[in-house]
Number of protein chains: 2
Amino acid sequence: MPDSLPCFDDVLAAAARISPHAYVTPVLRSRSLDALASAQLHFKAEHLQRVGAFKFRGACNAVWALSEAEAHAGVVTHSSGNHGAALALAAQTRGISCHVVVPDGAVAAKLASIRRYGAIVHNCAANLTAREEKCLQVQHETGAVLVHPYTNARVIAGQGTAALELLNAVEALEVLVVPVGGGGLASGTAIATAALLPDCRVVLAEPEGAADTARSLAAGERLADFVPDTFCDGLRTAVGQPNFELLRRHAVEVLTVRDADTLQAMRLLWQTTKQLVEPSSAIALAAVLQNPARFAGRRVGVVLSGGNVDLDALPWSGA
Amino acid sequence: MPDSLPCFDDVLAAAARISPHAYVTPVLRSRSLDALASAQLHFKAEHLQRVGAFKFRGACNAVWALSEAEAHAGVVTHSSGNHGAALALAAQTRGISCHVVVPDGAVAAKLASIRRYGAIVHNCAANLTAREEKCLQVQHETGAVLVHPYTNARVIAGQGTAALELLNAVEALEVLVVPVGGGGLASGTAIATAALLPDCRVVLAEPEGAADTARSLAAGERLADFVPDTFCDGLRTAVGQPNFELLRRHAVEVLTVRDADTLQAMRLLWQTTKQLVEPSSAIALAAVLQNPARFAGRRVGVVLSGGNVDLDALPWSGA
């Protein structure tokens, strides 16, 4: 299954598999933000998920789907942050070892939580080739199973459980807005939404400085060769091939967002909801606020994907 | 009633009176913080209260307890922040006018929300005499009723409803920790706890640089003459006379906390719970973490009193 495209049954299986370990996160409302957007906003609070991000869902599903024999030598991944911490904790819940290949320059807060959950950290240069080579090397040396941050089918299915919960908790949502980086959350959301509530549109929020998903969907082919320029540290990766394929099939929309608007939305979320969400989450609210014609009057689901902010590197520090 | 000491019946009356307007805030838990404190911590999330602070409870009780005739000319108060915003919103829920006397140098975020809720702002110099004189002047000119931030009996009774909810929501708490500034929350909590769960101890957390409550209780008389030196902007005021009297009667304990420990507790709360609480709230967790012998192994209630942080003046900015 890890190499084929996941389907809705896989999302349902994931929900059952992760339920002893993952939280059913709350859905938050805000009078002020509803007024500002002239819409009903329902925020799925994945920053309150374990490890502070939706990533725990996919990692947990991947770890617990392994056979005893597969799980024996542990798991390995490369991740600039949340997926690494998520896999580390998921491995800990099963009592197996976890190796995380971390590129130089990763966010300090995220690196700290990878270590806190007991993973063995391997450093490498900050480019995809170096990460994949180091990962391969660890696989060969340890026998650990690779759990890719977003192309792994069980990871995608796991991420789809956030939308599953949101659509079950809130009736008749008309639009669901999620951020897109590698596309694990985006494609899992597309699968769950198409099956549960086909009339509900999935809208992806993508940084202008890393808008490969928007360009890829417009071109009809995956265009992964670009240099990201965004402070949304969770959204700098190119959309994965299976993720792109799923997003194309489900005809999702993409809205691109300027970092300045994301930053403003993040401050607004902090101030009005008192929820510490990271830039890669705030981008979804920014997409709503920047496109009033698209969302006004609607019942909108917004996935707040994570809350792992580096407090020593706030974008307005020293401003 | 506003000039006499409130009792538990007043807290119950306040709970009924504010229930159409105030939120019943959730009680939050954190595995990491429990592990760190070796205790069971139950956080009453008053930063999720309307206006982002427990202050809405007392203000709302005071506004809705007024007769039609009293309410007609509106209300007035002096406040460096949360109480001003709280009274403004409370007045708005009743459709009456609200005047707020604001000392120069008040936190920008708090000033902004006072204005957002439609209050008429009057500026004055940053000392108690100037505030009280300006307040008196507004009373004379408008006929508005003064609602003092912490000595007003209905305000005290209203603040007591947070502890009421917490003690009803969580069984068998052994200690309840709340911050103390003017003492509205502290004395309301003492009243509610003594009546509902007499074996539960009330512990106040007070900044070392504004430890007048600790000194006053030790001396057996109110010592209000001091110059505060703390970044807990909500806790710079001296404890009020009726508040002191109630705290003395209920034999509460006070723990003093260094700002450095409060700052560390605030970062910890932000990072682990993703809840944006202000320094004046984080001090309660700091008191717990700095006194392990006092709290280890216990079921501890902690009131997170507010979340109105000035994001442009974070204490570690530029550090």
Side-chain angles (χ1 to χ4, degrees), chain A residues 21 23 25-32 35-36 43 45-54 82 85 89 92-93 107-113 116-117 263-264 266-278 281-282 304-319, chain B residues 21 23 25-32 35-36 43 45-54 82 85 89 92-93 107-113 116-117 263-264 266-278 281-282 304-319:
Chain A
H21 312 289
Y23 296 147
T25 54
V27 179
L28 309 178
R29 306 292 314 273
S30 161
R31 295 172 197 235
S32 332
L36 204 62
F43 295 100
E46 286 300 297
H47 64 296
L48 303 180
Q49 186 52 267
R50 295 184 74 178
V51 314
F54 74 91
N82 283 330
L89 178 60
Q92 200 179 65
T93 65
V107 173
K110 294 183 178 178
L111 192 56
S113 62
R116 190 175 332 122
Y117 296 120
L263 178 57
Q264 200 177 1
M266 185 169 94
R267 285 180 63 114
L268 202 56
L269 272 164
W270 287 26
Q271 284 165 336
T272 58
T273 68
K274 315 302 178 193
Q275 302 301 298
L276 201 82
V277 298
E278 55 184 270
S281 300
L304 298 178
S305 51
N308 295 319
V309 177
D310 191 346
L311 295 179
D312 293 314
L314 294 178
W316 59 80
S317 278
Chain B
H21 312 290
Y23 297 147
T25 53
V27 178
L28 309 178
R29 305 291 316 271
S30 161
R31 293 174 198 236
S32 334
L36 205 62
F43 295 99
E46 286 299 295
H47 64 295
L48 304 180
Q49 186 51 268
R50 294 184 74 178
V51 315
F54 75 90
N82 282 331
L89 178 60
Q92 200 180 64
T93 65
V107 173
K110 294 184 177 177
L111 193 55
S113 62
R116 194 178 326 126
Y117 296 120
L263 177 58
Q264 201 178 1
M266 184 168 96
R267 285 181 62 115
L268 202 57
L269 273 165
W270 287 27
Q271 283 165 338
T272 56
T273 68
K274 315 302 178 194
Q275 302 301 297
L276 201 82
V277 298
E278 53 184 274
S281 301
L304 298 177
S305 52
N308 295 318
V309 177
D310 190 347
L311 294 178
D312 293 313
L314 293 178
W316 59 81
S317 277

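Letters A, B, ... are given to chains in the order of the sequence lines, protein chains preceding strands, and every chain is numbered from 1.
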Discussion item. Quick check on Arg116(B) against chain A: is it the side chain, the backbone, both or neither that has a heavy atom closer than 4.5 Å?
Written reply: neither
Worksheet, complete the sentence: Cut-off 4.5 Å, heavy atoms of chain A, and the answer for Thr273(B) is backbone
Response to the item:
Comparing Gln271(B), His47(B), Gln275(B) against chain A, the one with the most heavy-atom pairs below 4.5 Å turns out to be Gln275(B)
Worksheet item: Sub-3.5 Å donor-acceptor pair from the side chain of Lys274(B) to the main-chain atoms of Gly307(A), do we have one?
Response: yes
Discussion item. So for atom CD, which belongs to Gln264(B), do other residues, nucleotides or ligands contribute more than 12 heavy atoms lying within a distance under 6.0 Å?
Written reply: no
Worksheet entry | Heavy-atom side-chain proximity of Met266(B) to Leu311(A) below 4.5 angstrom | no
